[in-house]
Amino acid sequence: MRCYWVVLVLLVLDVVLATSSPTPVNNYQVLAGHQIWRAEGGSEVAAVMGRLEEEGLVDILGHSIASTFRVFPGTKDSVSTSLQREGIKYHVVVPDLGRHLAEEERRVKREILSSQGETCFENDCPKPLTQRYMTYVEIAWYLHELAAKSPRVELKSIGKTFENRDIWLVHIKPTAKEGTKKRDAIWMEGGIHAREWISEAVTLQLLDKLASDDTTLTRNIDIYCVPIANPDGYEYSRNTDRLWRKNRAIDPSMERDCTGVDLNRNWSTGYGVGASTNPCSEVYQGSAPFSELETRALKKEMTRVSSVNNLRLVMAVHSFGQKLYHPWGFTKKEAPNTAEMKKAGLAFAQAAAKGSRGRKGAQYEVTSSSELYLASGATDDWAKATLDVPYAYTLELPDEGLHGFVLPSNFIKPAAQDVWRGMKKLIPMVLNK
Ligand SMILES: [Zn+2]
């Protein structure tokens, strides 16, 4: 796990040194006194951790063989007492995140300075980067340039965030001549969780591939994609708190010190299950379903698309864990079309695992969202329940927990290659025959 936090420092510096990043980074100050703990165990431990998270005592970073979570300076005693009472063994992985980052900073600075990277500027970003995570402004520029150079691509803003950033929607039109028939469509969503930077990075690589595809894969379909669904949270994670998850909304009707809503707990399906009513929790569901500008914008546009197209696939891209989840997340019951979702999911996973040029691909597990614990208010559950989308997934990108959310940028390229191979198998399987 040590490597994880070395990488965190690398990324912090990555942000500092990025030519277009105007704000000095002070993550390590914000994270002073925060600790990373790890508790061994399966679903029983996950259930206890879920409760502690709902109470705002911890921030779960990942579940796999063990639960890895952040403990805040004021909650250590309560968390320790709760875990002991439940008989759960745990150990401290990082005793002071802030200090650890500060100590590592100087050591890695030289490495970053000596590395040569791709370039991307705020007014010129011809390709999505593979060597560094892009800023929101760079992403917006890339999307504008993609639309400008490709007649297939349309770009529009589907709404504004709390901090007045545009939520961009890319529409890639089919290459075949338009007919009168309702066309099949796929929808991709990236970056609804702020700290999952690999999500935006991979989604942008996919857009690049899809927009230039001249095969039968995209001949007859409409592709819609919101590559950065939580721009405010993303920028806050880049500039202030690397582990930020929610959006940055402040609800003036609530007297509270805490900011932000977990946008992937704010959709209406199963609302409230496995989420928190505590505004300070990382999984705060918001004051009501669709209380947030981002989820409202996504909902409106997805509903529109499903009325003009046959919306066949919704893929929400997250990290980490290397899983392809299918609904439901809010209940253990089986969702309609589960067997088909599994079949297509396995085809995705097999193709992704093949790797390329001698490199082994990532191994994705295909399973139900509610496998370990219940969680509601997610995009894929809503798409399935409300729009009756036959294939809905939440894709958890690499890795399996070593770096977690703080994935080094040299993972962008292999992760995108694997997902692209998987999507090429998946897309034909989800379309109307
Ligand atoms: Zn996520």
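As the structure lists them, so they are numbered: ligands from 1, and atoms in each ligand from 1. Just so we're clear, the structure is a prediction, and the values are computed from it rather than from any experiment.
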Give the name of the N/O/S atom in H193 that lies closest to the Zn ion (ligand 1). ND1
Please state whether the rings of W37 and Y90 are parallel, tilted or perpendicular, taking 30° and 60° as the class boundaries. parallel
Indicate yes or no: does D166 engage K160 in a salt bridge with an N to O separation below 4.0 Å. yes
Quick test of your reading of the model: are K384 and D381 salt-bridged, counting only N-O distances below 4.0 Å? no
Examine E196 and say whether one of its N/O/S atoms is closer to the Zn ion (ligand 1) than 2.8 Å. yes
For the Zn ion (ligand 1), give me the closest N/O/S atom belonging to H318, just the atom name. ND1
Please determine if D241 and K246 form a salt bridge, counting it only when a charged side-chain N lies under 4.0 Å from a carboxylate O. no
